[in-house]
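Chain letters run A, B, ... following the sequence lines, proteins first and then strands; every chain starts at 1. From a predicted model like this one, the values you see are computed outputs, not experimental measurements.
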2 protein chains.
Amino acid sequence: MSKKKSICPLAFALDQVGDRWTFMILRNAFFGMRRFSDFVSDLGIARNILSQRLEAMVANGLFTIVPSETDARVTEYRLTKKAKELSSALVAMRMWAEKWHPDIDFKGELIDIATHKKIKQLRFRTTDNQDVAPENVRVEYAP
Amino acid sequence: MSKKKSICPLAFALDQVGDRWTFMILRNAFFGMRRFSDFVSDLGIARNILSQRLEAMVANGLFTIVPSETDARVTEYRLTKKAKELSSALVAMRMWAEKWHPDIDFKGELIDIATHKKIKQLRFRTTDNQDVAPENVRVEYAP
DNA sequence: CGGTATCCCTGAAGATACTG
DNA sequence: CAGTATCTTCAGGGATACCG
């Protein structure tokens with residue numbers, strides 16, 4: 001490994017969330033998990049490691065620490081907007097896994113909370129709001 | 001670490017592409033890279049590690065090995081459809097990085113190859129083709 | 001060219017005990 | 001409860017030499 005300041009956005013993103021534990025922590029957080037001990041017991045992660053990850057995630061603006069309103073001794077890790085917007089990437093990975101491994105019995109389904117219908121595909125939009133299929137998206141470099 | 005057969009689709013996906021090198025290899029492959037030595041020299045990855053990764057990726061159906069048509073001695077790693085469809089997830093991560101770190105000078109831009117317009121947002125669609133914004137997508141569990 | 005076979009070594013993860 | 005502080009282990013990565 002050992003990459004310094006990479007100009008690749010993907011590498012950059014991976015610097016922040018490319019770690020396996022970070023992903024799993026995020027996943028649990030998306031499901032409403034907010035407390036240190038809950039992460040420990042659910043993920044089976046060592047306390048010191050979790051501590052490191054959370055610290056980094058706070059530093060990267062993925063979590064904000066908030067004292068619980070109900071119990072003063074309890075601290076809550078709340079997802080920031082930045083973190084929440086990463087869910088699209090996780091959803092994309094989930095859809096991919098479901099599509100290519102239909103044999104596996106995954107739990108849960110992606111739904112639109114407004115209409116309650118199942119999510120089937122991912123799309124993109126141009127700056128002028130035109131629909132674009134994923135396979136038509138490319139990275140282009142200016143000379 | 002140490003997760004066996006996890007029922008979480010995200011964990012499952014990470015088992016296949018959750019490794020840093022795998023991500024970078026994929027990225028390069030999306031840009032047309034196909035040969036062993038090219039990955040070695042561009043990524044700076046150790047040969048044995050690259051070998052391991054490629055082997056796993058072939059086993060997971062991300063690459064197919066094809067003898068080069070131009071040079072018989074050369075082997076090509078070609079992305080499968082499965083791998084290509086993962087690009088959506090990478091694009092999502094790229095968009096996220098660009099949005100939240102506009103200060104960074106990332107190279108290249110996402111464009112629609114049909115109209116050549118810039119890609120701005122990611123959307124989803126329900127099974128009956130209705131548009132859904134990312135923030136309205138949730139995972140729901142059946143009792 | 002496209003790997004395989006070794007050896008080494010570091011850094012990340014785990015376990016555990018302790019603290020505010 | 002939510003961490004911190006240590007200690008230890010081990011596997012993953014790097015370097016290098018070699019092979020078909």
Nearest nucleotide by nearest heavy atom, which residue falls closer to the 5' end of DNA chain D, A:E76 or B:I49?
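That would be A:E76.
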At under 4.0 Å, does any side-chain N or O of B:S51 touch on OP1 or OP2 of C:dT4?
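For C:dT4, OP1/OP2 do have a side-chain N/O of B:S51 under 4.0 Å.
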Rounded to the nearest angstrom, tell me the gap between atom CD1 in A:I25 and atom P in D:dA2.
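Distance check: A:I25 CD1 to D:dA2 P gives 14 Å.
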Starting at atom CZ of B:R78, determine the distance to atom P of C:dG2, rounded to an integer number of angstrom.
13 Å
Between B:Q130 and A:I119, is the side chain to side chain contact (heavy atoms under 4.5 Å, CB included) condition met? List the steps.
CA-CA 9 Å; B:Q130 286 212 290; A:I119 299 296; over 6 Å; no
Integer-rounded Å distance: D:dG3 C1' and A:R34 CZ:
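Nearest whole value for this atom pair: 20 Å.
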Counting only heavy atoms from other residues, nucleotides and ligands, does the tally under 6.0 Å from CD of B:E135 exceed 12?
yes
Whole Å only: how far is the CZ atom of A:F39 from the P atom of C:dA13?
17 Å
Taking only N and O in the side chain of A:R35, is any of them less than 4.0 Å away from OP1 or OP2 of D:dA2?
yes
Using a cut-off of less than 4.0 Å, is there contact between a side-chain N or O of A:Y77 and OP1 or OP2 of D:dG3?
yes
5′-ward residue of the pair A:Q52/B:R47 relative to DNA chain D
A:Q52
Just the rounded figure in Å: distance from P of C:dA15 to CD1 of A:I45.
11 Å
Closest-nucleotide 5' rank along DNA chain C - winner of B:N48 and B:F36
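Going by which nucleotide is closer to the 5' end, it is B:F36.
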Please state how far atom CZ in A:R20 lies from atom P in D:dG12, giving the value in whole angstrom units.
12 Å
Can you tell me if the side-chain N/O atoms of A:R53 get under 4.0 Å from OP1 or OP2 in C:dA13?
yes
Rounded interatomic separation in angstrom, taking CG from B:L50 and P from C:dG2
10 Å
Got more than 12 heavy atoms from elsewhere within 6.0 Å of NZ, B:K82?
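Yes.
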Side chain of B:V74: nearest nucleotide among D:dA15, D:dC1, C:dG2?
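Comparing D:dA15, D:dC1, C:dG2 against the side chain of B:V74, the answer is C:dG2.
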What is the separation between atom CE on B:M33 and atom C1' on C:dG2, rounded to the nearest whole Å?
15 Å
side-chain contact (heavy atoms from CB on, under 4.5 Å) partner of A:I113, the single match among B:N136, B:V132, B:V137:
B:N136
Around B:E55, counting heavy atoms of other residues, nucleotides and ligands shown, do more than 12 lie under 6.0 Å from its CD?
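Result for CD/B:E55: open.
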